[in-house]
Number of protein chains: 2
Amino acid sequence: MTVEEVAPAPRMRSADRREQILVAATAVFGAKTYVGTTTDEVARAAGVSQPYVVRLFGTKEKLFVEVIERAYARLLAEFRAALPGSVEGRAERMGTAYTSLLAERGMLPVIASSTALGGEPVIGRVARKGFSEIWRFVREDAGFTEEQTRQFMATGMLINAIVGLRLTGDYGDELSATEIFDACFPDGVAKLRTFMPGTDEPW
Amino acid sequence: MTVEEVAPAPRMRSADRREQILVAATAVFGAKTYVGTTTDEVARAAGVSQPYVVRLFGTKEKLFVEVIERAYARLLAEFRAALPGSVEGRAERMGTAYTSLLAERGMLPVIASSTALGGEPVIGRVARKGFSEIWRFVREDAGFTEEQTRQFMATGMLINAIVGLRLTGDYGDELSATEIFDACFPDGVAKLRTFMPGTDEPW
DNA sequence: AGTCCAAGTAATCATTCGATTACAAACAAG
DNA sequence: CTTGTTTGTAATCGAATGATTACTTGGACT
């Protein structure tokens with residue numbers, strides 16, 4: 001019996017490889033924290049070697065910047081797609097658009113965690129820009145009033161907290177976790193749970 | 001001219017020293033991230049040696065757990081103190097109690113950042129517990145309805161995002177930062193700014 | 001004075017991790 | 001076929017950092 005050969009990573013154009021790594025990095029960064037995840041974990045999740053990740057993105061920081069920018073861009077696109085239709089249903093459609101991002105591994109956790117990284121010089125700037133753009137979109141493009149905007153964004157931040165805290169895993173266990181969920185997702189939590197697997201599974 | 005002697009840290013009972021380190025650690029952890037701050041920075045901020053921090057708290061993780069627990073306990077106490085008085089003014093008094101915690105270095109940033117650490121096995125549990133206790137207090141002890149609780153907590157999470165993003169520093173600079181602030185603190189932002197110094201000064 | 005314990009540090013170790021370097025292999029063009 | 005470019009890895013380095021060990025100092029109490 002011959003030694004099992006490690007499948008050499010099939011060739012790919014660097015642009016595609018970049019995108020593949022960004023997807024993997026979103027999942028891995030979303031599962032832990034920015035500082036807490038290593039470039040090696042990202043590389044392994046993407047199926048390439050660690051030096052290649054560094055080579056394609058320069059530094060870990062630049063990689064994470066691209067991850068955040070990509071996440072906010074995706075969120076913005078999702079919101080934009082939710083605009084058409086009745087004005088009354090707009091807020092709900094946008095809210096659904098937000099929670100449906102849970103289906104994409106790490107997307108929501110990355111956005112959520114970005115709001116805690118204002119202290120990082122480089123990343124903080126990117127996170128502020130992303131948040132500000134979302135706020136501006138809701139206010140101007142979606143046409144929300146100032147108060148509506150505040151409430152919409154506040155609800156989003158509450159969802160962020162639930163996601164960031166992994167309250168989903170404890171659903172049913174802890175005291176008020178059930179009520180927290182019911183308060184935030186009155187239409188039932190079943191759909192959400194399908195999106196949110198285990199406790200520390202990489203999202 | 002004799003060599004300037006480094007002032008040896010004055011003797012102190014370990015209980016007092018622990019508290020002093022916790023105060024310093026709150027400021028330092030609040031200024032950056034949990035993973036991103038070193039025990040040495042904490043030690044220097046507290047005016048002791050790095051090994052002594054480790055000795056008093058066992059591990060960096062245990063130190064941070066105590067920092068979080070202390071912050072949530074403080075917040076709970078502040079909320080409790082805001083209960084007496086007219087029922088109508090209760091929400092506003094509690095809100096003021098929350099923002100006034102900005103005066104204590106790192107307190108609010110630590111609480112805010114804790115909502116993004118659910119992925120950490122040990123710390124996540126503590127953060128979930130703190131958040132759940134706050135929710136329970138608002139709902140039961142403060143007597144808010146489910147909807148009131150949801151809105152109150154959501155507003156708190158929005159404040160967390162503003163704090164975590166350091167949007168205060170950009171006030172006036174970026175496009176919608178001004179409106180974000182006005183929407184969240186309609187009573188004027190002057191007081192807040194006095195609480196929030198520089199951009200990356202340790203809070 | 002002498003003893004004992006608590007408070008505190010200097011020195012250093014062992015890992016981890018991001019980054020660099022040098023090299024190999026696939027593919028395209030002439 | 002040969003040559004050049006792009007894709008990719010193995011090996012390794014250097015710095016940062018949490019933790020450990022061994023030692024010192026100060027005070028309280030006989």
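Just so we're on the same page: letters track the sequence lines, and every chain starts at 1.
For the segment residues 57-66 of chain B, the set of residues with a heavy atom within less than 4.0 Å of an atom of DNA chain D comprises Thr59(B), Lys60(B), in numerical order.
Checking dT17(D), dA7(C), dT20(D) against the side-chain heavy atoms of Arg55(B) singles out dA7(C) as nearest.
Evaluation of the side chain to side chain donor-acceptor pair (under 3.5 Å) rule for Arg93(A) yields no partner, not counting sequence neighbours. Residues meeting the side chain to side chain donor-acceptor pair (under 3.5 Å) test with Thr39(A), sequence neighbours left out: Gln50(A). Take Tyr72(B) and apply the ring pair (Phe, Tyr, Trp, His ring centres under 6.0 Å) test, not counting sequence neighbours, and it matches no residue. Residues forming a side chain to side chain donor-acceptor pair (under 3.5 Å) with Glu69(A) (at least two apart in sequence, or on another chain): none. Glu66(B) is linked by a salt bridge (Lys or Arg N to Asp or Glu O under 4.0 Å) to Arg18(B), counting only residues two or more places apart in sequence or in another chain. Partners of Glu140(B) by salt bridge (Lys or Arg N to Asp or Glu O under 4.0 Å), not counting sequence neighbours, listed by chain and number: Arg136(B). By the side-chain contact (heavy atoms from CB on, under 4.5 Å) test, Ala25(A) is found to be paired with Phe29(A), Val42(A), Leu63(A), Val67(A), residues two or more places apart in sequence or in another chain being considered. For Glu19(A), the salt bridge (Lys or Arg N to Asp or Glu O under 4.0 Å) partners two or more places apart in sequence, or in a different chain, are Arg70(A).
The distance from atom CG of Asp40(B) to atom P of dA16(D) is 12 Å, rounded to the nearest whole Å. Between the CD atom of Gln20(B) and the C1' atom of dG8(C) there is a distance of 13 Å, rounded to whole Å. The nearest whole Å value for the distance from the CG atom in Leu56(A) to the C1' atom in dG18(C) is 15 Å. Atom-to-atom, CD1 of Ile21(A) to C1' of dT9(D) comes out at 13 Å; the value is rounded to the nearest Å. Straight-line distance from the CZ atom of Arg18(A) to the P atom of dT6(D): 15 Å, rounded to whole Å. The interatomic distance linking Gln50(B) (CD) with dT12(C) (C1') rounds to 11 Å, in whole Å. With rounding to whole Å, Tyr52(A) atom OH is found 17 Å from dA19(C) atom C1'. Atom CG in Asp16(A) sits about 19 Å away from atom P in dA26(C), given to the nearest Å.
For the pair Pro51(B) and Arg13(B), nearest-nucleotide mapping onto DNA chain C gives the more 5' position to Arg13(B).
A close approach under 4.0 Å does occur between a side-chain nitrogen or oxygen of Thr39(B) and OP1 or OP2 of dG18(D).
No donor-acceptor pair under 3.5 Å is formed between the side chain of Arg139(A) and the backbone N or O of Thr149(A).
Nucleic acid contact class of Ser49(B) (heavy atoms, under 4.0 Å, all strands): base.
The overall bend of the helix from dA1(C)-dT30(D) to dG30(C)-dC1(D), read as the angle between its terminal helix axes built from five base pairs each, is 0° when rounded to 10 degrees.
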(Q) Strictly under 4.0 angstrom, non-hydrogen atoms only: write out the protein contact profile of nucleotides 25-30 of chain D, one letter per nucleotide from the 5' end, B, S or -. (A) BB----
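Glu120(A) has its side chain out of reach of Phe64(A): every pair of non-hydrogen atoms, C-beta onward, lies at least 4.5 Å apart.
Listed by first and then second residue, the salt bridge (charged side-chain N to carboxylate O under 4.0 Å, His left out) pairs involving residues 36-62 of chain A are Lys32(A)-Glu41(A), Asp40(A)-Arg44(A) (not counting sequence neighbours).
In this structure, Phe137(A) and Phe79(A) have parallel ring planes: the angle between them is below the 30° cut-off, well short of the 60° mark.
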